[in-house]
*Asks:* 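Once you've had a glance at the structure underneath, I'll fire off some questions.
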There are 2 protein chains.
Amino acid sequence: MLNSPPSREHDAEARRERLLKAAATVFAKDGFEKASLRAICLKAKANVAAVKYYFGSKDGLYREVFLSSCQDSMKEDAPVTLADGGTPEDTLRRWIHHLLDHVLLKRAKNPVKSQIMAHEMREPTPCLNEFIKLVVRPFHEELQRIIAAVMGRRAADEDCILYCHHIIGLCIHYDHCRVFVDRLGPPVPKTAPEVQRLADNIADFVLGALTSRRASPSKTASRSKK
Amino acid sequence: MLNSPPSREHDAEARRERLLKAAATVFAKDGFEKASLRAICLKAKANVAAVKYYFGSKDGLYREVFLSSCQDSMKEDAPVTLADGGTPEDTLRRWIHHLLDHVLLKRAKNPVKSQIMAHEMREPTPCLNEFIKLVVRPFHEELQRIIAAVMGRRAADEDCILYCHHIIGLCIHYDHCRVFVDRLGPPVPKTAPEVQRLADNIADFVLGALTSRRASPSKTASRSKK
DNA sequence: TGTGTTTATAAACAGCTGTTTAACTTATTG
DNA sequence: CAATAAGTTAAACAGCTGTTTATAAACACA
């Protein structure tokens with residue numbers, strides 16, 4: 001008779017993990033729309049119908065990839081906090097260095113997460129709110145506390161909140177707009193010493209700004225008191 | 001017999017423009033991959049084969065939309081320059097306000113350009129280099145001159161170049177990462193008075209930083225002299 | 001008016017997509 | 001052990017996509 005088909009794979013957990021990993025890579029490279037389940041399943045050595053079985057749909061697979069990515073973020077490097085000790089100014093320096101090290105070195109070696117995040121920002125799903133709540137907001141709030149300590153104000157001061165956005169925006173610009181920065185020069189840092197130098201430059205700039213604003217609440221803050 | 005088909009449209013130029021306009025809208029909303037030629041042509045009241053005829057392919061249509069977008073950028077609001085008069089500090093304030101007004105108000109009413117640009121940043125084509133050369137670089141260099149005037153340095157000073165990136169990154173963060181800022185609060189400005197208030201806050205912050213760095217070249221700059 | 005060329009477009013093509021179906025295999029339960 | 005449930009997977013389905021083909025209509029010219 002004909003040859004019997006090869007024996008089936010039994011390790012469901014391993015297959016599921018392979019699918020998640022392959023999907024992350026393909027979604028990162030191609031984006032959600034262009035990424036095809038056949039490409040993902042070829043890479044994962046899995047059957048196309050497995051996507052429906054394990055994840056319900058292409059959307060479900062994407063959601064799971066994104067959520068895994070969020071959970072990974074929470075396991076990463078210990079964040080820099082005021083409780084670490086040192087002056088608030090030194091803490092802010094370390095915080096800035098830590099963020100730049102993360103986005104310019106660590107993430108650059110594995111662009112899957114940032115590319116999935118870029119896609120998510122363009123077409124937010126409910127996953128994004130979860131990510132913001134679990135990962136981004138605590139991070140943001142600790143920076144607020146650091147800024148407030150530098151400035152001798154309450155963390156809920158509206159200036160402190162805005163300065164958080166200013167500082168984060170300034171730092172991640174070097175990652176998000178890398179195609180521009182690289183062409184306008186100087187190139188985006190690629191080594192730890194280069195990152196340290198940029199971090200120092202930014203920290204000096206930022207601390208200069210915060211120090212100068214210490215005694216001068218902005219018109220924004222004073223108007224909000226009416 | 002059967003009804004004769006309606007007469008053909010003869011205005012090729014009008015059809016081509018309609019296609020460009022519809023494509024811009026659909027590409028902006030759906031991204032390149034998800035945008036379908038049938039959706040674009042339905043919107044433009046044109047035949048699907050017209051894309052091949054006028055633009056060669058879907059890619060060609062996209063390229064033309066992007067180049068039109070770059071040319072529009074060059075016709076927009078007169079840039080703020082030192083030659084406008086006033087102190088360098090006031091010029092910088094106006095510059096920051098102008099940028100925020102542009103990205104938060106004008107562009108927000110027509111998100112086509114920023115969304116196409118986001119796509120281009122993810123998958124750069126040669127068009128991007130053209131755009132950087134013609135639009136972004138002159139803009140960037142004028143900001144460098146303004147910063148240098150505030151700081152009493154040469155425009156080619158490496159700190160001035162980096163501060164350009166810092167300032168631009170900080171400002172455009174409110175547009176690029178709007179999904180984050182809106183959820184973390186306070187909401188991204190949507191009215192002219194709100195934009196003015198944010199611009200003032202940023203200008204105070206930035207001028208505070210530049211003033212504090214005036215007498216202290218950073219370690220970056222001083223090391224580069226070795 | 002007739003002829004050759006160009007333009008515009010309906011229809012078809014070829015291929016790809018995510019999802020569903022059906023059949024088989026394996027595991028579990030009574 | 002038999003029956004049932006769960007898991008795996010090839011094949012099929014239904015629909016969509018960008019591109020190509022074929023042809024009518026329009027244009028230009030003698």
Side-chain angles (χ1 to χ4, degrees), chain A residues 1-66 116 119 123 125, chain B residues 1-66 116 119 123 125:
Chain A
M1 284 286 281
L2 301 179
N3 290 344
S4 66
S7 70
R8 291 164 151 194
E9 180 180 22
H10 299 143
D11 194 344
E13 189 52 35
R15 185 188 303 108
R16 195 177 185 278
E17 284 305 310
R18 285 200 315 270
L19 277 166
L20 280 174
K21 187 166 182 166
T25 303
V26 177
F27 282 137
K29 177 165 75 70
D30 293 338
F32 179 76
E33 291 296 329
K34 189 172 178 182
S36 76
L37 291 181
R38 282 168 172 86
I40 290 166
C41 292
L42 191 66
K43 198 175 187 69
K45 297 182 166 66
N47 189 276
V48 180
V51 171
K52 166 72 175 182
Y53 186 74
Y54 289 112
F55 303 106
S57 64
K58 186 181 180 182
D59 271 349
L61 175 60
Y62 175 80
R63 200 171 298 122
E64 206 66 46
V65 168
F66 184 73
I116 289 178
H119 174 76
E123 294 172 35
T125 66
Chain B
M1 283 286 284
L2 301 179
N3 290 343
S4 65
S7 70
R8 294 164 151 196
E9 181 182 18
H10 300 142
D11 194 344
E13 188 54 35
R15 189 189 301 107
R16 193 176 186 278
E17 283 305 311
R18 286 200 318 270
L19 276 167
L20 280 174
K21 187 165 182 168
T25 302
V26 178
F27 282 136
K29 177 165 77 69
D30 292 338
F32 179 77
E33 288 298 328
K34 188 173 180 183
S36 76
L37 291 182
R38 283 169 172 83
I40 290 166
C41 292
L42 190 64
K43 197 176 190 65
K45 296 182 166 69
N47 189 275
V48 182
V51 173
K52 167 72 174 181
Y53 185 75
Y54 289 112
F55 303 105
S57 64
K58 186 181 181 181
D59 271 348
L61 175 60
Y62 174 79
R63 200 172 299 119
E64 204 67 46
V65 168
F66 184 74
I116 290 177
H119 176 78
E123 295 172 34
T125 68

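Naming: A, B, ... by sequence-line order, numbering from 1 per chain. The structure displayed is predicted, hence computed values, not measured ones.
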*Asks:* Is there a residue in residues 35-46 of chain A whose heavy atoms reach under 4.0 Å of DNA chain C, and which residues are they?
*Replies:* A:Ala35, A:Ser36, A:Leu37, A:Arg38
*Asks:* Among pairs that include at least one residue of residues 50-63 of chain B, which meet side-chain hydrogen bond (donor to acceptor under 3.5 Å, both in side chains), considering only residues two or more places apart or in two chains?
*Replies:* B:Arg15-B:Tyr54, B:Tyr62-B:Glu120
*Asks:* Give the residues of residues 59-66 of chain B touching DNA chain C, defined as any heavy atom closer than 4.0 Å, sorted by residue number.
*Replies:* none
*Asks:* Distance check needed: D:dG7 P versus A:Tyr53 OH, whole Å only.
*Replies:* 3 Å
*Asks:* Check the distance between D:dT8's P and A:Glu13's CD and give it to me in whole angstrom.
*Replies:* 11 Å
*Asks:* How close or far is atom P of D:dC16 from atom NZ of B:Lys34, stated in whole angstroms?
*Replies:* 14 Å
*Asks:* Output all residues satisfying side-chain hydrogen bond (donor to acceptor under 3.5 Å, both in side chains) with A:Arg18, sequence neighbours left out; order by chain, then residue number.
*Replies:* A:Glu9
*Asks:* What nitrogen or oxygen pairs link the protein and nucleotides 20-23 of chain D at under 3.5 Å?
*Replies:*
from	atom 1	to	atom 2	distance (Å)
D:dT20	OP2	B:Lys52	NZ	3.2

*Asks:* Within the structure shown, what part of the strands sits under 4.0 Å from A:Phe55 by heavy-atom distance: base, sugar-phosphate, or nothing?
*Replies:* nothing
*Asks:* Got a list of side-chain donor-acceptor pairs under 3.5 Å for residues 21-50 of chain B, not counting sequence neighbours?
*Replies:*
from	atom 1	to	atom 2	distance (Å)
B:Thr25	OG1	B:Lys21	O	3.2
B:Ser36	OG	B:Ala39	N	3.1
B:Asn47	OD1	B:Ala49	N	2.9

*Asks:* Heavy-atom contacts under 4.0 Å between residues 14-32 of chain B and DNA chain C, which residues?
*Replies:* B:Arg15
*Asks:* Grab the CD-C1' distance between B:Glu33 and D:dG18 for me, whole Å please.
*Replies:* 11 Å
